[in-house]
Amino acid sequence: MSGLLIKNGTVVNDDSMVKADVLIQGGLIVDVQPTISVNDPEVRVIDATDKLIIPGGIDPHTHLQLPYRGDVSVDDFYTGTRAALAGGTTMIIDFASKPRGTLPIDNWRQWREWADHNVCCDYGLTVAITSWSDEIAAQMEELTKPEYGINSFKFYMAYTEYMVRDEEFYEGLKQCVKIGALARVHAEHGPFIDAKQKELLEAGVTGPEGHPQAHPEELEAEATNRACTLAAQAKCPLYVVHVMSKNAARAVAYHRQKGHTVFGEAISAALALDGRGYFEEDWTKAAAMVMSPPLSRDPTTPKVLMDLLACGQLHLTGTDNCSWTCAQKKQGLNDFTKIPSGLNGLEDRMSLIWENGVHKGKLDPMRFVAITSSAAAKIFNCYPKKGKIARGSDADLVIWDPQKTRVISASKHHHGCDYNVFEGMTVHGVAEVTICKGVVVWENGELNVERGFGKYVPLMPFCDHVFGTLTYKKKE
Ligand SMILES: *[C@@H]1O[C@H](CO)[C@@H](O)[C@H](O)[C@H]1NC(C)=O
Ligand SMILES: CC(=O)N[C@H]1CO[C@H](CO)[C@@H](O)[C@@H]1O
């Protein structure tokens, strides 16, 4: 039987690092042992001396091919997942999100249609709830059945056409607990942002510097605290997406310490960049960084967010995005509120976190694996199928060179966009070989994978990593 044998590397899981060989057959890891010998010419042997063998990254937060205000983000399910594989990420969780007035099951079906024939790695979905009714509540329940495979829903507290009001959010949270789904929230103060944008435009502020001014950090912290408080009232586990500022992170930690199940996600951009870029003279550079909530203008924030990931007050990392070409960004040339929101990260996340986390001495390689892969697999209930190197797990793994460096550049990346916000950064930690579902898909700087190679991963509700405290709590 054909297969792969990776020899002489160090296998890193979130709880151990051991020198071991890994045998892969039929898309699965079939053995992990100190020494494995196979006498079969059909099995290809790969040398991993001085390299780490890590579980493929899982990015729990992408918006590929997102239709937004009449345009579509430029990385689709094909280019986006190719870029992911080139950077060592082998699974994504994308958001099926459409504006108010649409139905969750229709949106789920639409995303499956877009993704299934195009994804190059496995993917799961979170469905966004952008309005509230009995019909929507019933559809949420339906979506948690195995044939749909949804175990999380996202709520926006900002963006006029996506946001739910607090009382709708509260109803949604109560429904999530009932059906065993994790609630995910974009925590910002929507009505304030709308008012502030108007105010800034009237005062003649039209450039990208208006963006962070319309989204003050304190309001992200306020909304994060409010979201956690409402979730605690509803006794619903909560996942805060893209925690961008120190005080938002403190709100997550505060509620966690009070005993509520709250997860905080940091995104790669917030760990590598700060918001001083919005004040760049070069419009294109400044506009490229527009995303919400914005990057923090405090230059110490990226380090602090990494420290919080290291000590467990934040839990995992994603990218959130959603890349646009420079031409698409130009829609907002005379009005910053029209700059499409979002930036790249899928290809560079793993290296950026190695560089700023492990290379800087803040994370050990096991914690790196936890925050780039295993924690996501646990929270979304696909562990140890994903996020672990062990017998029986999917053969999604990366031969990682911890010493090698590369320079990030749009001229070399595999994204669909013509701009890279991390342009020129040198990062330690490079995905030498990416193996997805038992197949070598990235090697020697080349991708070799077919459109549609990835599969949809149904995610089941009532995950113990999310609902365990509620399930076993003594009933009052
Ligand atoms: C693994 O290491 C052993 C001992 O150092 C060596 O003999 C062998 O050739 C190496 N295997 C590969 C595939 O490089
Ligand atoms: C942090 C970030 O970049 N968020 C953006 C990701 O893309 C979506 C869709 O454009 C935006 O809504 C987010 O603001």
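Computed from a predicted model, the values in this text were never measured in an experiment. Just so you know, ligand 1 is whichever comes first in the structure, and atom 1 is the first atom listed for that ligand.
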Does Arg112 come within less than 4.0 Å of Glu147, counting only side-chain N to carboxylate O? no
State whether any protein heavy atom lies less than 4.0 Å from atom 9 (O) of ligand 1. no
Counting only heavy atoms closer than 4.0 Å, does ligand 1 sit against the backbone of Ile46, its side chain, both, or neither? neither
Please answer whether the main-chain N or O of Asn13 pairs with a side-chain N or O of Ser16 as donor and acceptor at a distance below 3.5 Å. no
Enumerate the atoms of ligand 1 whose separation from the nearest heavy atom of Asp47 is less than 4.0 angstrom. 12 (C), 14 (O)
among protein heavy atoms, the one nearest atom 11 (N) of ligand 1 is Asn8 ND2, 3.0 Å
Under the 6.0 Å and 45° cation-pi test, does Arg256 pair with Phe263? yes
Could you check atom 13 (C) of ligand 1 against the protein and tell me its nearest heavy-atom contact, residue, atom and distance included? Val45 CG1, 3.8 Å
Just how far is it from atom CD1 of Ile129 to atom NZ of Lys154, taken to the nearest 0.5 Å? 12.5 Å
Any protein heavy-atom neighbour for atom 3 (C) of ligand 1 (distance below 4.0 angstrom)? yes
Going by the angle between their ring planes, with limits at 30° and 60°, are Tyr123 and Phe77 parallel, tilted or perpendicular? tilted
